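Notes for the one structure printed next.
Letters A, B, ... are given to chains in the order of the sequence lines, protein chains preceding strands, and every chain is numbered from 1. Note that this is a predicted model, so its numbers are computed, not measured.
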Amino acid sequence: MSSSRVTAMSELLCLRDVCKTYVSGGTRLEVLKDVSLKVGEREIVAVVGARYEGKTTLTQIAAGMQRPDRGEVWFRGRELSGLSDGTRERLLGLETAWVDRNGPGLRLTVRDYVGLPLAMGHRHGKREVRKLAYEALERVGASDCARQPWEDTSRWQRVLVGLARGIACRPRLLVIDDLLDALGVRRTRQAGELLRSAVDDLGCGLLMSVSDFEAALVADRVWSFERGGLKLMSDQIAGEADVIDIEGVRQGRDRAP
Amino acid sequence: MRPYIIAVFDYDLATMASSRTGDVSASKVILGLMIRQPDTGAGVGLRLNSRFPHARWSRNAVHNNLPGLVRRGYLRILREGAEPSLSLYEATREGVDHFGEWLREPSHAPLALRDALRAKLELCERGDLPAVIVAIREERLTCDQEYAAAHARYKQAERLERLGTGHDSDWTAKLQSALVADEALLWGQWAKRLQRLQEYCEELVQDVEQPGDRDV
């Protein structure tokens with residue numbers, strides 16, 4: 001992307017021709033091939049893919065947790081690969097949240113787990129962190145498990161806790177990795193409604209990877225993995241931002257064999 | 001005797017078609033639409049195509065089925081029109097009961113796997129595979145378009161549902177939303193299925209062209 005490229009006011013994240021290959025024991029596994037997508041404010045973008053198709057890699061690159069081998073990752077008009085690790089982490093720690101289905105890895109109460117990113121990134125006091133974490137849990141309807149250890153929560157509670165953790169720091173960009181998998185109709189719909197209302201209220205953008213088309217229904221734009229690349233399946237976002245980056249969308253569409 | 005034989009034949013067509021292949025006959029759907037609202041042949045034809053846009057009913061579906069439904073006593077003519085398609089019909093008590101029975105009965109069979117693509121793959125020779133891959137790709141593109149259209153309808157239904165009034169009409173909106181979601185899922189999953197099939201066939205072609213060159 002050239003520096004003179006017009007960036008829409010609403011555009012938060014833009015991935016352009018991102019590639020990622022893992023090398024292990026002499027074997028090369030090309031996970032992402034020339035992946036391009038964008039997420040704007042108040043937009044929900046879903047990427048549908050099966051296991052090992054590169055969903056986690058894509059979401060981690062989008063959230064700045066991994067660097068791509070090639071390609072560009074723009075966040076609010078800044079190209080992230082040009083930033084130092086510290087600057088990138090600071091910027092992303094304040095403005096993005098990444099959520100997956102895995103827990104804290106150590107024994108924490110739900111409230112402390114939800115508050116962890118707040119304590120680390122925003123340097124809030126302990127009392128304020130707990131208050132904000134509790135508010136986020138209340139917002140998703142999971143305040144009743146605030147004092148429970150995360151390990152003792154149910155599958156559905158973990159989804160809610162993950163969502164609460166994502167929105168607790170009021171991010172500009174929320175990135176969710178495979179959290180809404182195999183929830184069933186009612187729960188998937190409920191989670192979708194929570195996400196939609198969070199995105200509308202916070203004015204943030206949401207990029208989520210999902211395993212099936214059911215979880216993707218809530219999205220405004222749906223992409224599907226295809227041999228490491230992305231294929232645009234549906235685009236329900238009308239407006240200026242699409243006109244500006246329609247070339248990128250076309251490239252994504254044309255990349256399908 | 002002749003009308004009696006025709007009536008039995010019509011009845012068999014309407015019921016057996018659904019039990020053998022898992023799909024539904026046009027006659028059953030027309031009856032259901034007439035129960036919801038008395039209509040002319042032309043009117044029910046429009047509703048048949050708008051409510052079931054992917055069913056690919058024949059052009060004469062309404063014209064062919066209305067006389068049979070009247071003959072079996074499931075519909076009656078309320079008012080004769082200047083031409084047959086303008087006559088106004090309504091469902092009879094027998095029609096409502098018959099439809100209710102069908103609604104409650106369990107489905108006998110899942111959808112028949114009888115698509116042309118499957119038959120082509122089953123019967124193609126090795127040299128035909130590249131051409132079949134092109135056919136798969138084209139069918140995928142159609143599925144992608146249908147998914148996008150269904151997703152658009154889902155988003156529209158979602159917006160309408162969010163504006164819901166809490167009245168009875170919301171129930172219909174919710175049901176519509178669930179049906180459109182189901183449709184989007186079907187197209188999405190069908191597109192994914194074709195993607196897998198295409199990838200498999202392409203690998204097969206490579207294996208045939210370059211035996212031994214591939215890492216397995």
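Interface remark: A:Val185 contributes no atoms to any contact with chain B (heavy atom separation under 4.5 Å). Contact of B:Ala191 with chain A is made through the side chain alone, with heavy-atom distances under 4.5 Å. With a threshold of 4.5 angstrom between heavy atoms, B:Glu199 approaches chain A through its backbone and through its side chain. Contacts of A:Asp220 with chain B are made by both backbone and side-chain atoms, with heavy-atom separations under 4.5 Å.
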**Request:** Report the C-alpha distance between A:Phe213 and B:Tyr147 in whole Å, list the side-chain angles of each, state the deciding distance to 0.1 Å, and finish with yes or no for side-chain contact (heavy atoms from CB on, under 4.5 Å).
**Result:** CA-CA 10 Å; A:Phe213 282 95; B:Tyr147 172 79; 3.5 Å; yes
**Item:** Trace of the side-chain contact (heavy atoms from CB on, under 4.5 Å) decision for A:Glu226 with B:Arg140
**Value:** CA-CA 12 Å; A:Glu226 181 163 318; B:Arg140 264 188 69 194; 2.4 Å; yes
**Message:** I'd like to know whether A:Met233 forms a side-chain contact (heavy atoms from CB on, under 4.5 Å) with B:Cys143, so could you lay out the CA-CA distance, the side-chain angles of the two residues, the decisive distance to 0.1 Å, and finally the verdict.
**Reply:** CA-CA 10 Å; A:Met233 293 293 290; B:Cys143 287; over 6 Å; no
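Counted within 6.0 Å of OH on B:Tyr200, heavy atoms from surrounding residues, nucleotides or ligands total 12 or fewer; the atom is thus considered open. In A:Arg155, the CZ atom is crowded: over 12 heavy atoms of neighbouring residues, nucleotides or ligands sit closer than 6.0 Å. The environment of B:Arg118 atom CZ is sparse: at most 12 non-hydrogen atoms of other residues, nucleotides or ligands sit within 6.0 angstrom. Few gaps surround CZ on B:Arg193; more than 12 heavy atoms of other groups in view lie less than 6.0 Å from it.
Among the candidates B:Gln189, B:Lys192, B:Glu158, the residue making the largest number of heavy-atom pairs closer than 4.5 Å to chain A is B:Lys192.
With rounding to the nearest 0.5 Å, the separation of CG in A:Asp212 from CG in B:Leu185 is 7.5 Å. One distance of note links CG of B:Leu141 with NZ of A:Lys231; it measures 5.5 Å at 0.5 Å rounding.
The two residues B:Lys155 and A:Arg196 have their closest heavy-atom pair at NZ-NH2, 3.5 Å. Nearest heavy atoms, A:Gln236 versus B:Ala148: NE2-O, 3.5 Å.
In this structure, B:His151 contributes its side chain and A:Arg221 its backbone to no donor-acceptor pair below 3.5 Å. B:Gln195 contributes no side-chain N or O that, together with a main-chain N or O of A:Ser224, makes up a donor-acceptor pair within less than 3.5 Å.
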